[in-house]
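The structure appears below as structure tokens.
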Number of protein chains: 2
Amino acid sequence: MAYHDSSLHAAFTALADPTRRDLFEAIAARPCSVAALAANRPISRPAVSQHLKVLREARLVKAEPQGTKRIYSLDTAGLQAIRSYLDQFWTDALGAYSAEVHRRISET
Amino acid sequence: MAYHDSSLHAAFTALADPTRRDLFEAIAARPCSVAALAANRPISRPAVSQHLKVLREARLVKAEPQGTKRIYSLDTAGLQAIRSYLDQFWTDALGAYSAEVHRRISET
DNA sequence: AATCATGGTAAGCCATGACTAACGGTAAGT
DNA sequence: ACTTACCGTTAGTCATGGCTTACCATGATT
């Protein structure tokens, strides 16, 4: 897992934007439609849609069509990419525990 | 720990750039001077210096003056900021283990 | 079928950021 | 003291990315 890994890059890039972190947290708290996400925010609906595309490609969220609506919910694959990457920089005693977490996650 | 947290933003922004991830990994593998980092890379020394400033402000690396040289090494504070943030999105069985890791890390 | 609701896409504008060249500043060597 | 080595900063250029407006496609409703 090196610095040029594309899925890792997508995940970091996606979460580097405050608006996308906001949307990501909202979706993590409760699955949501695009219109609902745009309703309480100062940006337009197309802007939200573009951000969701970035989050989707980073596998941080996933969309499920439901009628004309699309319900967005969390996708842990992107989170896992970042977590695995960060784990390699943990050493000594901490490394042992993070490795255990990583092992348990891999089981699911 | 919300989406507008400034130290979190700094860490994500710093690692969103491939060149900075490259430098970060090199420093993590072995503490290094600025000139040494620039030597094997296609970018100029000032560019490396600017990237290191971003990594420093994100508390991902730290610099220690040694004569005219400055030796850069890993700073885990920035990593911890991201890790803590990601942990809140882990739930159920996984949440228990990540919480345990978080507790052990806090002890150090 | 006609309309409405929902949301993805395209074009264009503007702000941010990554890079180089040039400069300045400090520590070591002769 | 002068030179050399090492590094941070500034000014300026160019590319990238986020935003809005406008448009198009699809599913539900009457």
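From a predicted model like this one, the values you see are computed outputs, not experimental measurements. Reminder, nothing fancy here: chain letters follow the sequence lines and each chain counts from 1.
- An OP1 or OP2 oxygen of C:dT16 is reached within less than 4.0 angstrom by no side-chain nitrogen or oxygen of B:Thr13.
- Separating the CD1 atom of B:Ile43 from the P atom of D:dC7 is a distance of 14 Å, rounded to the nearest angstrom.
- A:Phe89 has its ring centre less than 6.0 Å from the ring centre of B:Phe24.
- When rounded to the nearest whole Å, the span between CD1 of B:Ile71 and C1' of D:dA5 equals 14 Å.
- Note on B:Pro46: a base of the nucleic acid sits closer than 4.0 angstrom, heavy atoms only.
- For B:Lys62 (side chain) and B:Tyr72 (main-chain N/O), no donor-acceptor pair under 3.5 Å exists by modelled atom type.
- Between A:Arg70 and the phosphate of C:dT6, there is no side-chain N or O to OP1/OP2 separation shorter than 4.0 Å.
- Proximity of a side-chain donor or acceptor of B:Glu25 to a complementary backbone N or O of A:Tyr3 within less than 3.5 Å is detected.
- Listed in residue order, the members of residues 29-39 of chain A having a heavy atom less than 4.0 Å from DNA chain C are A:Ser33, A:Val34, A:Ala35.
- Annotation: side chain of B:Asp5 is in contact with side chain of B:Ser7 (closest heavy-atom distance under 4.5 Å).
- Nucleic acid contact class of A:Pro42 (heavy atoms, under 4.0 Å, all strands): sugar-phosphate only.
- Proximity of a side-chain donor or acceptor of A:Ser49 to a complementary backbone N or O of A:Arg45 within less than 3.5 Å is not detected.
- Near-neighbour residues of DNA chain D inside residues 50-60 of chain B, defined by a heavy atom below 4.0 Å, number-ordered: B:Gln50, B:Lys53.
- Look at CZ on A:Arg45: it is 8 Å from C1' on C:dG8, rounded to the nearest Å.
- With D:dG18, D:dG8, D:dC19 as the choices, the nucleotide that has an atom nearest any side-chain atom of B:Ser49 turns out to be D:dG8.
- We find that OH of B:Tyr72 is positioned 11 Å from C1' of D:dC6, with the value rounded to whole Å.
- As rounded to whole Å, 14 Å separates atom P of C:dG7 from atom CZ of A:Arg41.
- C:dG17 atom C1' lies 9 Å from atom CG of B:Asp17, rounded to whole Å.
- At a threshold of 4.0 Å, the pair B:Asp87-A:Arg83 counts as salt-bridged, since one of the basic side-chain nitrogens sits closer than that to a carboxylate oxygen.
- Residue B:Glu64 contributes atom CD, which lies 14 Å from atom P of D:dG8 at whole-angstrom precision.
- Between the side chains of A:Ser73 and A:Asp75, no donor N or O sits under 3.5 Å from an acceptor N or O.
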Query - Audit row: B:Asp22, B:Arg41, salt bridge (Lys or Arg N to Asp or Glu O under 4.0 Å) steps and yes/no - result: CA-CA 10 Å; B:Asp22 177 28; B:Arg41 277 162 238 280; 2.5 Å; yes

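- With a 4.5 Å cut-off on side-chain heavy atoms, A:Arg21 and B:Phe12 count as touching.
- Within the structure, a side-chain polar atom (N or O) of A:Ser44 is placed less than 4.0 Å from OP1 or OP2 of D:dT20.
- Both A:Thr68 and A:Ala47 lie close to DNA chain D; mapped to their nearest nucleotides by heavy-atom distance, the more 5′-ward contact belongs to A:Ala47.
- Judged by distance alone, with hydrogens and angles left aside, the side-chain atoms of B:Thr76 form no donor-acceptor pair with the main-chain N or O of B:Leu79 at under 3.5 Å.
- The interatomic distance linking B:Lys69 (NZ) with C:dG25 (P) rounds to 24 Å, in whole Å.
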